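Read through the structure below, which is laid out as structure tokens, and then see the notes.
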Amino acid sequence: MATRQTAGTRAKDSDRNDTCRILDTALAEGQLSGTEHRERVRAATHAATLGELQSLVADLQTANAPVQLPHLKKPLVAGGWGIKAAVAAVLVVLGIAVGWGLFGNGSSPLRSADPGAQADGVAPVVLTPPRQLHSLGGLTGLMEQMKQKFGDTTGYRLVVYPDYASLTRPDPGEDRRELNYSYRGGWDDPSSGSKSPDAVTVDLSKFDAKTVVGVLRGAPETLGIKPADVESSYLIFEPSTDPTTPGALDVSVYVSSDFGSGYIELAGDGAVKRIHYPS
């Protein structure tokens, strides 16, 4: 049975990613200014519920967006008599159990040994996936996680935030659709959406990780943004639009602050293609 989604339903990383994609489209269409887009993207990445995400796109025209947020329904409200009956039933069962344990002659479930407290010989398994993704070990570890999960490092687009990532890959069962995965120590179940007409598959690991990390760490100073003012930063890996380098990868380094935002375009080998200073 499908989960009834309401404004209070907890949002997944895929929901936050979809909201950011809708906001990106609104920015490209001129519905949002750069400042509005930056503020809403920041709010989307920290949103806890679907209602919070819906409020960020409620005033936008989203027909041309690559994805749509789910339609939210009003929460079901149980009648007063139903709640009272449920509470009464719980109290009756609890009373019987307590009475049985205190006064009964038979074996009481309250007095029986807890099987969860018995030794079972199972050794602890400590998981050590990369968490700080804006580092050399974090980026290379993320690529390794992709290989383990999918058998390769190909996709349409990869967005890497400091502690989580969003990946768009082809749907192997339907060429007209794409799958969107979120990574937080592991790859969540994907959401599905219509494939963009200009989507191109590329090897997302074809970049100089050491150079990219160095440019990322120096990006605030490069863009004239004080490190203390930085509100958010992220990396975007996607196919190059240069027709002379088919199969090449482009990397964009984004930095945002309350006083402006900018980004640096790099080729996969780390060569600087363009610097977009804060306006």
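Since the structure is predicted, the reported quantities are computational estimates derived from the model, not experimental observations. Reckoned from all heavy atoms, side chains included, excluding hydrogens, waters and symmetry mates.
In this model, a donor atom of one side chain and an acceptor atom of the other lie less than 3.5 Å apart for Thr153 and Asp203. When only modelled atom types and interatomic distance are considered, Ser192 and Arg177 share a side-chain donor-acceptor pair under 3.5 Å. Judged purely by distance below 3.5 Å, without hydrogens or angles, the side chains of Asn17 and Ser166 pair a donor atom with an acceptor atom.
Looking at every heavy atom in both residues, Arg38 comes nearest to Ser256 through CD-CB, 3.2 Å. Looking at every heavy atom in both residues, Leu53 comes nearest to Ala11 through CD1-CB, 3.7 Å. Here the closest heavy-atom approach between residue Thr140 and residue Ala209 is recorded as CG2-CB, 4.3 Å. Between Thr6 and Leu50, the shortest heavy-atom distance links the atoms O-CB, 3.9 Å. Closest approach of Gly193 to Asn180, counting heavy atoms only: N-ND2, 4.5 Å. Residues Cys20 and Ala44 share a closest heavy-atom pair of SG-CB, 4.0 Å.
Atom-to-atom distance recorded for Glu52:CD and Arg10:CZ is 8.0 Å, nearest 0.5 angstrom. Of the inter-residue distances, the one linking Ile22 atom CD1 with Leu27 atom CG reads 14.0 Å to the nearest 0.5 angstrom. Atom CG of Leu69 and atom NE2 of His71 lie 12.5 Å apart (nearest 0.5 Å). Atom OG1 in Thr168 sits 9.0 Å away from atom CG in Leu179 (nearest 0.5 Å). Between the CG atom of Asp250 and the NZ atom of Lys206 there is a distance of 12.0 Å, given to the nearest 0.5 Å. How far CE of Met146 is from CG of Asp152: 7.0 Å, rounded to the nearest 0.5 Å.
Considering Arg21, Arg169, Lys195, Arg157 as possible partners of Glu178, the one that fulfils the salt bridge (charged side-chain N to carboxylate O under 4.0 Å, His left out) test is Arg21. Results of the side-chain contact (heavy atoms from CB on, under 4.5 Å) test with Leu266 over Thr211, Val251, Ile275 single out Val251 as the only residue that passes.
The local environment of NZ in Lys273 is crowded, with over 12 non-hydrogen atoms from other residues, nucleotides or ligands closer than 6.0 Å. By the neighbour-count criterion of 12 heavy atoms within 6.0 Å, atom CD of Gln148 is densely surrounded, having more than that number from other residues, nucleotides or ligands. Around CD of Glu29, the count of heavy atoms belonging to other residues, nucleotides or ligands within 6.0 Å exceeds 12. Few gaps surround CD on Gln68; more than 12 heavy atoms of other groups in view lie less than 6.0 Å from it. Around CZ of Arg131, the count of heavy atoms belonging to other residues, nucleotides or ligands within 6.0 Å does not exceed 12.
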Evaluate Val202 against Glu238 for side-chain contact (heavy atoms from CB on, under 4.5 Å), listing each step before the verdict. CA-CA 7 Å; Val202 69; Glu238 55 193 347; over 6 Å; no
For Asp258 and Arg42: C-alpha separation, side-chain torsions, deciding distance, then whether salt bridge (charged side-chain N to carboxylate O under 4.0 Å, His left out) applies. CA-CA 11 Å; Asp258 287 336; Arg42 187 188 308 125; 3.7 Å; yes
Apply the test side-chain contact (heavy atoms from CB on, under 4.5 Å) to residues Leu133 and Asp163: give CA-CA distance (whole Å), side-chain angles for both, the deciding distance (0.1 Å), then the verdict. CA-CA 6 Å; Leu133 303 182; Asp163 56 359; 5.9 Å; no
Hey, mind stepping through Asp242 and Ser240 against side chain to side chain donor-acceptor pair (under 3.5 Å) and telling me if it holds? CA-CA 5 Å; Asp242 185 349; Ser240 173; 5.1 Å; no
Show your reasoning for whether side-chain contact (heavy atoms from CB on, under 4.5 Å) applies to Leu60 and Leu32. CA-CA 9 Å; Leu60 301 177; Leu32 294 175; 3.9 Å; yes
Is there a side-chain contact (heavy atoms from CB on, under 4.5 Å) between Leu56 and Val41? Walk through the geometry before answering. CA-CA 9 Å; Leu56 296 173; Val41 166; over 6 Å; no
Could you walk me through whether Asp13 and Arg16 pass salt bridge (charged side-chain N to carboxylate O under 4.0 Å, His left out), step by step? CA-CA 5 Å; Asp13 284 338; Arg16 300 182 185 94; 2.9 Å; yes
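Counting heavy atoms from C-beta on, the side chains of Leu142 and Tyr183 come closer than 4.5 Å. Residues Gln61 and Gln31 have side chains in contact (heavy-atom distance under 4.5 Å, counting atoms from C-beta outward). The closest side-chain heavy-atom distance from Thr45 to Ser232 is not below 4.5 Å.
Two different hydrophobic clusters hold Ile264 and Ile236 under the rule that ILVMFWY side chains link at heavy-atom gaps under 4.5 Å. Two different hydrophobic clusters hold Tyr181 and Val67 under the rule that ILVMFWY side chains link at heavy-atom gaps under 4.5 Å. Both Leu223 and Leu235 are members of a single hydrophobic cluster when ILVMFWY side chains are connected at heavy-atom separations under 4.5 Å. Linking ILVMFWY residues whenever their side-chain heavy atoms come closer than 4.5 Å, directly or via other members, leaves Val159 and Leu249 in distinct clusters. Under the 4.5 Å side-chain heavy-atom criterion for ILVMFWY residues, a single connected hydrophobic cluster contains both Val215 and Met143.
Taking the six-membered ring for Trp and the full ring otherwise, the centers of Tyr234 and Tyr161 sit less than 6.0 Å from each other.
A distance-only check finds a donor-acceptor pair linking the side chain of Ser182 to the backbone of Ser14 [under 3.5 Å]. Between the side chain of Ser257 and the backbone N or O of Gly260, at least one donor-acceptor pair lies under 3.5 Å. Side chain of Ser33 to main chain of Glu36: a donor-acceptor pair is present (N/O by atom type, distance under 3.5 Å, no hydrogens or angles). His134 places a side-chain N or O within donor-acceptor distance of the main-chain N or O of Val160, the cut-off being under 3.5 Å. The backbone N or O of Pro70 sits less than 3.5 Å from a side-chain atom of Gln54, completing a donor-acceptor pair.
Between Tyr254 and Tyr263, the ring planes are parallel. Angles under 30° get that label, and only those over 60° would be called perpendicular.
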